[in-house]
Undergrad: 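Mind looking over this structure? Questions follow.
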Amino acid sequence: MQAVEARTRYRSVFLSDTHLGMRGCRADYLADFLRRTDCDRLYLVGDIVDGWRLRKSWYWDSDHDDVLRILLKLARSGTEVLYIPGNHDEMFRNWLGQGLEVAGIRLMREAVHEAADGRRFLVIHGDEFDGVIRYAKLLAHLGDWAYDMALTLNRWFNAARRKLGYPYWSLSQWLKRQVKEAVKAIDRFELALANEAGRRGLDGVICGHIHHAEMRDVHGITYMNDGDWVESCTALVEHADGRFELIDWVREMRLRAERDAMTQRLAIARA
């Protein structure tokens, strides 16, 4: 008999920047997270499918299929699934005026999420507040090419780490954090999103886009970014009491493997 996987229940889950169709997408980790997660409401906060990549070359493996199957199963089983397109899946924005719902998944330009404690948050992908994306699309595509090269290096780097027995570590994310201008751009982005939420009289903002998971106060506004599933493999979750938490799934998988190994060693010792 197959063991039933333990599932954790949340009030809401926020995912973005999965980039299905990109070779660097950790669809295997994402599928594992989704199999072990239940929620009342699931927000897909943009760049779920990477249309930019798929227009260049087709890449889609069994892990990508698993992610889609699980998302559709969640929608059918009563989870409210809301899809807010980003810049990489902007083709879906053309359908927003139709009030379209596909297989129980509702498309929206943005949303206002009310937490269990009454706080209200703007939910938006965030590319509208990125000056490069908004005003210089060619530069954005060039930056996307450089990012893709960094991810290729990241795959080779982690293949070598696996052979040496080391866990996954994001070289591309580390490189990005070393660039001072990138750090400044992140700060400007966070400030712009927080200001927009404040302008609308909301308590905070939940976004994606920059692949940098974060929870912090920005001039009295709660800024939360759910990260990505290419580098950090993170999700933002809301507990039943309205408390928010960033889940680092790479860390969770490592801790689970360590617990399983410890259990196996204890079982062998007792035999």
Undergrad: Is a side-chain donor or acceptor of Trp229 paired with a backbone partner of Ser16 at a separation under 3.5 angstrom?
TA: no
Undergrad: Any chance CZ of Arg216 has more than 12 other-residue heavy atoms, nucleotides or ligands included, within less than 6.0 Å?
TA: yes
Undergrad: Any salt bridge between Arg109 and Glu128, counting N to O under 4.0 Å?
TA: no
Undergrad: Any non-hydrogen side-chain atom of Asp38 less than 4.5 Å from a side-chain atom of Thr79?
TA: no
Undergrad: Take atom CD of Gln264 as the centre, draw a 6.0 Å sphere, and report whether it contains more than 12 heavy atoms from other residues, nucleotides or ligands.
TA: no
Undergrad: In terms of ring plane angle, is the pair His239 and Tyr10 parallel, tilted or perpendicular, where the classes change at 30° and 60°?
TA: perpendicular
Undergrad: Quick check: closest heavy atoms across Gly204 and Ala197, and the distance to 0.1 Å?
TA: O-CB, 3.5 Å
Undergrad: For His209 and Asp127, which I'm curious about, is there any donor-acceptor pair between the side chains at under 3.5 Å?
TA: no
Undergrad: Tell me, do Glu238 and His113 make a side-chain contact under 4.5 Å, heavy atoms counted?
TA: yes
Undergrad: Output all residues satisfying side chain to side chain contact (heavy atoms under 4.5 Å, CB included) with Arg256, sequence neighbours left out; order by chain, then residue number.
TA: Asp32, Arg36, Trp249, Met253, Arg259, Asp260
Undergrad: Please lay out, stage by stage, how Thr8 and Thr37 fare under the test side-chain contact (heavy atoms from CB on, under 4.5 Å).
TA: CA-CA 5 Å; Thr8 304; Thr37 302; 5.6 Å; no
Undergrad: Please enumerate all residues that pass ring-ring contact (aromatic ring centres under 6.0 Å, His included) together with Phe92, with sequence neighbours excluded.
TA: Tyr83, Trp95
Undergrad: May I ask you to decide whether Asp241 forms a salt bridge with Arg11, counting only side-chain N to carboxylate O separations under 4.0 Å?
TA: no
Undergrad: How long is the gap from CD1 on Ile221 to CD on Glu190, to the nearest 0.5 Å?
TA: 14.0 Å
Undergrad: Within the structure provided, determine whether Glu90 and Trp52 are in side-chain contact (heavy-atom separation under 4.5 Å).
TA: yes
Undergrad: Kindly determine whether His212 and Phe189 satisfy ring-ring contact (aromatic ring centres under 6.0 Å, His included), including the steps that lead there.
TA: CA-CA 11 Å; His212 183 70; Phe189 179 83; over 10 Å; no
Undergrad: Apply ring-ring contact (aromatic ring centres under 6.0 Å, His included) to residues Phe121 and Phe244 and explain how you reach the verdict.
TA: CA-CA 12 Å; Phe121 296 88; Phe244 286 87; 5.2 Å; yes
Undergrad: Counting only N and O atoms by type, is there a donor-acceptor contact under 3.5 Å from the side chain of Asp228 to the main-chain atoms of Ile210?
TA: no
Undergrad: So, for Cys233 and Val250, which heavy atoms are closest and what is the spacing to 0.1 Å?
TA: CB-CG2, 3.8 Å
